[in-house]
Amino acid sequence: MRFVITAGPTREYLDAVRFLSNPSTGKMGFAVAEAAARAGHEVVLVAGPVQLKTPPKVVRIDVTSAREMMQAVKESLTPDSVLVATAAVADFRPKAQAKRKLHKTEMPRTIELTPNPDILARAKSRFKVGFAAETDDLIKSAASKCARKHLDMIVANDVTRPGAGFATDTNEATFLFPDGHEERQPLMAKKRLARKIIERISQWS
Ligand code: PMT
């Protein structure tokens, strides 16, 4: 199978040096890419700004902003691909972007934001897997994203749990399916969770 995987954060620049972003390191997404490639799949990894080495046999496309990530996904995705969206994409970007560094005196006191496109919701592919990073109401919020973005599976992680979520080597998650079926995964290495995700996709797609 062909996999397109998004990973890491996006950066939404306000000027040449200042941006909105989040603490994603790409560890979860790179682990999924590695697991898919090891299982013999063709893998394209669309990565935001992260400090990780590309896993063997993975084609990597580096991007910075959500709009660049969307373009790279659009160009990589074929109708028979599996899309796994682990990236923490910024939902909004500053409406105005200065090409140079703004002086302190020029800085706006209020930053007007405009919505970014939802890459996962717009994508059309054979099987779509999303991730949900939540701080409360984990299952309810993740199930609603699963339905709203027309997903075949969503991996819900509570990013307030110790050892789970952003920048850790481990994660604790629940796999959710559109029919309401839930599979709880205990705390484990992100690499192990990634293998389980790939196994699950291979069974369902
Ligand atoms: O990178 P790590 O440090 O290892 O951290 C891993 C992680 C916490 C980033 C990862 O496990 C995770 O939860 N990723 C999803 C984070 C997120 O942005 O969730 P969300 O609930 O905001 O988005 C839901 C889904 O829609 C995600 O699959 C996201 O990639 C996708 N999305 C969101 C917004 C947008 N504009 N386009 C999208 O494709």
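Predicted, not measured: the structure shown is a model, and the values here were computed from it. Numbering of ligands and ligand atoms starts at 1, following listing order.
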What residues come within 4.0 Å of ligand 1, counting heavy atoms only?
-> Ser24, Thr25, Gly26, Lys27, Met28, Ala85, Thr86, Ala87, Ala88, Val89, Asp91, Pro117, Asp118, Ile119, Leu120, Gly130, Phe131, Ala132, Ala133, Lys145, Lys149, Asn157, Gly165, Phe166, Ala167, Asn171, Lys190

Could you check if a side-chain atom of Ile198 sits within less than 4.5 angstrom of a side-chain atom of Val32, using non-hydrogen atoms only?
-> yes

Kindly indicate whether the side chain of Thr25, heavy atoms from C-beta on, has any atom under 4.5 Å from the side chain of Phe30.
-> no

Would you check if there is a donor-acceptor pair between the side chains of Glu75 and Gln71 at a distance under 3.5 Å?
-> yes

Taking only residues two or more places apart in sequence, or in another chain, which ones meet Ser144 in a side-chain hydrogen bond (donor to acceptor under 3.5 Å, both in side chains)?
-> Arg148

Using side-chain hydrogen bond (donor to acceptor under 3.5 Å, both in side chains) as the criterion, list what pairs up with Asp118, not counting sequence neighbours.
-> Lys149

Can you list the residues that meet the side-chain contact (heavy atoms from CB on, under 4.5 Å) rule with Leu20, with sequence neighbours excluded?
-> Glu12, Pro94, Leu113

